[in-house]
Amino acid sequence: MILTNTLGGARQEFVPLSPPFAGVYVCGPTVYGDSHLGHGKSYTGFDVLVRWLARSGYRVRYVQNITDVGHLTDDADSGEDKVQKQAAIERVEPMELAERYTASYFEDMDALGNIRPDISPRASGHIPEQIELVENLLAKGNAYEADGSVYFSVESFPGYGALSGRIPADLIPGARVEAAPGKRDPRDFALWKAALPGHILKWRSPWGAGYPGWHLECSAMAMRYLGETVDIHGGGLENVFPHHESERAQSEAATGRQFVRFWLHNNMVTVGGTKMGKSLGNFITLKQIFSDYDPMVVRLYILRSHYRSPLDFTPEGLQSAKSAWERLVELRRRVSGSPAGAAPGEAMTSAAAELKEGITRALDDDLDTPGAVASLFEFTRKANSILDAPCGDGDRALAALALDDLPADVLGLRPGAPSAVSGVDALLAALGEAREAMRKGRLYAEADRMRDTLSAAGYSVRDQPDGKSSIVRQ
RNA sequence: GGCGGCGUAGCCAAGUGGUAAGGCAGCGGAUUGCAAAUCCGUCAUUCAGCGGUUCGACCCCGCUCGCCGCCUCCA
C-alpha cells in the first residue's frame, strides 16, 4: 500500500513499526459547534484508510482525539477560549457545551457511515499526561518557564521545519508573530499557558493554574495510546504548520525517537475556490446537508474526489452524486433476497473479480477513492447489463455479495435497509399487485393515476418486463 | 515577503513517460400502453499558455498566466 508521506513529500510503501500492528492517530474536532462538510471529508477519508488497513490484514488501533479545551481564538494573551466563549453564548457550562457537540459530531459521523475510533480521548481528561510531557521537556532543556507559562524553545530542536519545509530562519520576516511577553524567541510556542482571571477551563500545575498549549494534547494522547512512535498521523492540510510541526518537535525532543512514520494530510473543502472554515462563515453543516440528502450521497460525493485534492462544494455536484448513488441503490435492490447456492455465470464472475481488483488496485495506490468508485460504476453497468438478460439466482447472489464486500465494507457505501417501518414492505407489494392487475385489465388511466399519487408521496413505480410492478421508495 | 498546492470535456473528477478511467448533464437508439428503471451508441485528435528534453509528454525541465492553502484557532 502506497501512501504520500508529508514528511519528505514522497510516495512510500506503508510499513508499520511492528507488523501486524498499525497505530493511527487523527486530529479530531474542537467541539464548539456542529460539524461541517470539511470535517465530513477529512474523517471519511481517514475512515477508508482505517478500513483498508484492517482489510489488508493489519491490526489497527485508531485514535482520534476530541478537543474540549478550547485554546485561544487568537495568538495574543487576551484571546478567549473558543469553548468558553461559545459556552457563554449558549449559557451552559464549558464541559456541557463540549459534551453537546461531541454527541453531535458522532451523530454526523455515524450517519456518514464512519466507523468510530477505537479510542476517542478527551484533551481535558489527559491533563496529567500533558503536564508530565512539559516537565520532561523542561528537564531536557527544550523548554523554559516564564510567568507561569512554559514555552518550547524552537532553537533547541534542530529538526524544526523538516515536516512543513519551513526553514526556521524564514519564520520571522513577514509573518505576524506576536511578541508575547516572556517568549525568548518569537518562534517559540506555548506548551502551557498561565490562566488569566476569568478563564474557566484551567487546571493546577507546577507552574500555577493554567491550561495546555495548542499542540500538546495530540502529542500526549498519541504517545499514551500508540507508543512513542506512531505509524500514521493524519489531519487537515492546514495543520501541517504550525500544529504538526510543533507536535513533532515537542514529541521527538521529549523521547529522542521518531514520533510519526507517516504523516498524511487531506485537502480542504472549498466554496467558490475559498476554503470552507468555521471562522470564515462560509461553511455548510452536515446536518443542513442531511436534511436534503441521504448521508450516503454525501459520502459518495466526498469519495469521488481524492483525499489530497481540494473538493469544491457546489449544489450541482451534490445533485450529481445523488443521481449516481441512486443507481447503486437500484442495483443493490435488484439483487436483494436472492437465494444463495446457485452457480453464477461466467460474465458475472468476471465482473465481480474485476470490481475487486479495481478497488484493490486503487486503494493500494495512495487511497485513490475516485478510482475505486470508477470501478464500482463499471461494475454497476456490467451487472445491470447481465441482469437485463435472462439470468439465474447465482448471478444475482454473486452481484449482491460483490457489492456487500469491498464497496460496502471498505468504501462504506451501503444502501440503507429497504424499509424501517414494519408493514410498509407488505403494503408496497400489495400496491404493486394492484397496479399489475389494472395494467392487465388495460385500465391505464387508473394505473397512471395511482402512479402519480405514489410519486407525489415519494415512491416510484417500476414496471417489469414480466408484467409485475414494484413500488420503491425514491 | 517565505513555504506549498492546483489548472484535464458543459459540470465534477482519475491518470503522472507509451498514446485521455468514472460520474452527472446532453443527444440518438433499444425496451415500455405511456413512463420510470436499465442497456447500447455518442460526447476532450486533446490535458491553462509558450518553449525545451525524449523515438514518444497530460505526465519530466524552464518560463508565463490564472486560482488556492499555510505562515493566527481551524478537518
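Per chain, numbering begins at 1; letters A, B, ... match sequence-line order.
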For a quick check of understanding: with a heavy-atom distance under 4.0 Å over all strands, which category does A:V461 fall into, base, sugar-phosphate or nothing?
base
For A:H36 together with A:F313, are the ring centres under 6.0 Å from each other?
no
Does the separation of the ring centres of A:Y105 and A:Y43 fall below 6.0 angstrom?
yes
For [X] and [Y], take the angle between the two ring planes, folded into 0 to 90°, and tell me which bin it lands in: parallel under 30, tilted 30 to 60, perpendicular over 60.
X      : Y      : result
A:F152 : A:F189 : parallel
A:F46  : A:Y307 : tilted
A:F262 : A:F14  : perpendicular

Expressed as a whole number of Å, how far does the [atom1] atom of [N] sit from that of [M]?
N     : M     : atom1 : result
B:A75 : B:C43 : P     : 45 Å
B:G18 : B:G4  : C1'   : 31 Å
B:C61 : B:U16 : P     : 15 Å
B:U53 : B:G17 : C1'   : 12 Å
B:G28 : B:G56 : C1'   : 37 Å
B:C50 : B:A37 : P     : 43 Å
B:G7  : B:U54 : P     : 27 Å
B:C47 : B:U8  : P     : 11 Å

Please state how far atom [atom1] in [X] lies from atom [atom2] in [N], giving the value in whole angstrom units.
X      : N     : atom1 : atom2 : result
A:Q464 : B:G33 : CD    : P     : 14 Å
A:L163 : B:G5  : CG    : P     : 13 Å
A:H306 : B:C6  : NE2   : C1'   : 14 Å
A:R327 : B:A37 : CZ    : P     : 11 Å
A:D368 : B:G23 : CG    : C1'   : 14 Å
A:R396 : B:U38 : CZ    : P     : 17 Å
A:K382 : B:C40 : NZ    : C1'   : 15 Å

Under the 5.5 Å and 30° test, is A:Y444 stacked on the base of B:G33?
yes
Heavy-atom donor-acceptor pair, [X] side-chain to [N] base, under 3.5 Å:
X      : N     : result
A:K275 : B:C68 : no
A:N267 : B:G5  : no
A:R451 : B:G33 : no

Could you tell me the Watson-Crick or G-U partner of B:A48, where both distances fall under 3.5 Å? Say none if there is no partner.
B:U64
Tell me the partner of B:U53, counting only Watson-Crick (N1-N3 plus N6-O4 or O6-N4) or G-U wobble (N1-O2 and O6-N3) with both under 3.5 Å; none if nothing fits.
none
With a cut-off of under 6.0 Å to the ring centre and 45° to the axis, is A:R184 in cation-pi contact with A:Y151?
no
